[in-house]
Novice: 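This is the structure I want to talk about, given as structure tokens.
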Number of protein chains: 2
Amino acid sequence: MKKVKQIKTTSLDYAILGLIQQEPLSGYGIRKQFETTAIGNYSSSPGAVYPALDRLQKLGLVVKSLLENQKKEKFRCTPKGIDTLKIWLLQPVEINDVAKNVDVLLLKFAFMDTLLTKEQKLEYLTSFQKQLKIYIEQLKAFHSEEGSSLPLNGRLAFEHGLAGYSTTYKWCKNAIAAIRNHQEK
Amino acid sequence: MKKVKQIKTTSLDYAILGLIQQEPLSGYGIRKQFETTAIGNYSSSPGAVYPALDRLQKLGLVVKSLLENQKKEKFRCTPKGIDTLKIWLLQPVEINDVAKNVDVLLLKFAFMDTLLTKEQKLEYLTSFQKQLKIYIEQLKAFHSEEGSSLPLNGRLAFEHGLAGYSTTYKWCKNAIAAIRNHQEK
DNA sequence: GTCGACATGTAAATTGTTACATGATTTA
DNA sequence: TAAATCATGTAACAATTTACATGTCGAC
């Protein structure tokens, strides 16, 4: 079986796709978003963003073009780019994402706004919440078994993690209610 | 002015230093820590860990040696390694760390356990808390100004961030009390 | 007219990922 | 004895950081 050269789409690539799907941006505009907003930990350095845009263009996921009423060319998603983004958004929430990539899960949720249906969003949040519950229970089990044997600083740091996940769990509950009550246009 | 070849110590390097300062470990043991515990987002791949250990050995920050009552050689910190780690731990908490690297700040706090004094820990937490307060106020200001103009998903994601920082703030308060009441040995 | 922000890029060095390779030791 | 885990590494590749380079445009 011949091995096909697989061009990967990285997390940064998806972040860019999601950003310009909401609003077309110049390369510089994308960099500013990563630099100045609380979007996640994506690199705003030109040496990361411009090569990423090249990759995405080569893959046919974005194009740089002049829009009506605009002076400057900006990047926007192609239909293929939108599809790629949707597939990413619809990937099931794994417990490993919950443990290590909560911020990516939240970014995905933000990008879903106009791309997925109300039902898909609710399914995402429900599954997020379910994985969170499992993970929190694991952490609590560890805490009651071995918590007292940890050094003070270590135990406190661990409890910070636990508190953070509990906050996210509560947020899920609230977000589910908010999406459910929201008028679908 | 001649430019001196600067060997950088990366975040992964510090994480390794901190780990083996708590307990000497083999390269494999370090990998397992990153893979199986909730320590942060450090790479457990051999292609990251072993080259990092080479770097640290070259810098004279760690050594691999046989300890008493042990069959296998393990890595541990040299005095220079401990100093390097302490300098890192004592670095002032910047608002940018609070915004983008809370997990690193918590890892540092965990590593402080036996390395810093009670007063230094309290100073760290106090400064962490102060920067958090500033950042949270910035976020709240943004929320009341522009929150209503955000799409629902974006606003909810933003509110997740806010809730997370608030949780960390409360944790700081609690951790300060816990450290303060703790008997210094 | 110059300062700062807008705007796009490149090159070198470093770092990390993925996949492979190897062998020892433990355990079922 | 076969499988799983311990243990250490390398090679090819992909990605990122850092630093540099260049030029436009509007404000003051």
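A note on names: the letters A, B, ... follow the listed sequences, proteins ahead of strands, and every chain is numbered from 1. Hydrogens, waters and symmetry mates play no part in the numbers below; they use all other heavy atoms, side chains included. Given the structure is predicted, the values throughout are model-derived calculations rather than measurements.
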Novice: With sugar-phosphate meaning primed atoms plus P, OP1 and OP2, does Lys64(B) contact a base, only sugar-phosphate, or nothing at under 4.0 Å between heavy atoms?
Specialist: sugar-phosphate
Novice: Side chain of Lys72(B), heavy atoms from C-beta onward: which of dA7(D), dT8(C), dT15(C) has the nearest atom to it?
Specialist: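 The answer is dA7(D), which lies nearest to the side chain.
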Novice: Return the value, rounded to whole Å, for the distance between atom CG of Asp13(A) and atom P of dA14(D).
Specialist: 13 Å
Novice: Is any side-chain N or O of Tyr28(A) closer than 4.0 Å to OP1 or OP2 of dT8(C)?
Specialist: no
Novice: Could you give the CZ-to-C1' distance, from Phe34(A) to dT17(D), as a whole number of Å?
Specialist: 16 Å
Novice: For dT17(D), does OP1 or OP2 lie under 4.0 Å from any side-chain N or O of Ser43(A)?
Specialist: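 So the side chain of Ser43(A) is within the cut-off, an N or O lying under 4.0 Å from OP1 or OP2 of dT17(D).
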Novice: Could you tell me whether the side chain of Cys172(A) reaches within less than 4.5 Å of the side chain of Leu132(A), counting heavy atoms only?
Specialist: yes
Novice: Ignoring hydrogens and angles, tell me if any N or O in the side chain of Thr78(A) forms a donor-acceptor pair with the backbone of Leu61(A) under 3.5 Å.
Specialist: yes
Novice: Would you mind telling me which of dT8(D), dT16(D), dT15(C) lies closest to the side-chain atoms of Arg55(A)?
Specialist: dT16(D)
Novice: From the set dA19(C), dA7(C), dA19(D), return the single nucleotide nearest to any side-chain atom of Pro46(A).
Specialist: dA19(D)
Novice: Check Lys140(B) with Glu137(B), please: is the shortest side-chain N to carboxylate O separation under 4.0 Å?
Specialist: no
Novice: Between Gly47(B) and Lys32(B), who's closer to the 5' end of DNA chain D by nearest nucleotide?
Specialist: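 Taking each residue's closest nucleotide, the earlier one in sequence belongs to Lys32(B).
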Novice: Which whole-number value in Å describes the distance from Tyr42(A) OH to dT17(D) P?
Specialist: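 Tyr42(A) atom OH is separated from dT17(D) atom P by 13 Å.
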Novice: Can you tell me how far P of dT16(D) sits from CZ of Arg31(A), to the nearest Å?
Specialist: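 Rounded to whole Å, this separation is 14 Å.
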Novice: To the nearest Å, how far apart are Asp54(B) CG and dG9(D) P?
Specialist: 7 Å
Novice: Could you tell me whether Gly27(A) contacts a base, only the sugar-phosphate backbone, or nothing, with contacts defined as non-hydrogen atoms closer than 4.0 Å?
Specialist: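 It contacts sugar-phosphate atoms only.
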Novice: Nearest whole angstrom, please: distance from the P of dA7(C) to the CG of Leu25(A).
Specialist: 10 Å
Novice: Distance check: side-chain N/O of Tyr50(A) vs OP1/OP2 of dG9(C), anything under 4.0 Å?
Specialist: no
Novice: Mind checking if Ser45(A) touches a base, just sugar-phosphate, or nothing, with heavy atoms under 4.0 Å?
Specialist: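 Base, at least one base heavy atom under 4.0 Å.
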Novice: Above 12 or not: heavy atoms from other molecules or residues under 6.0 Å from CD of Gln22(A)?
Specialist: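 Counting other residues, nucleotides and ligands, CD of Gln22(A) exceeds 12 neighbours.
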Novice: Please give, in whole Å, the distance from dT16(D) P to Leu53(A) CG?
Specialist: 12 Å
Novice: Between dC6(D) atom C1' and Gln33(B) atom CD, what is the distance in whole Å?
Specialist: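 Spelled out: CD on Gln33(B) to C1' on dC6(D) is 15 Å.
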Novice: Around atom NZ of Lys100(B), are there more than 12 heavy atoms of other residues, nucleotides or ligands at under 6.0 Å?
Specialist: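 Check passes, neighbour count above 12.
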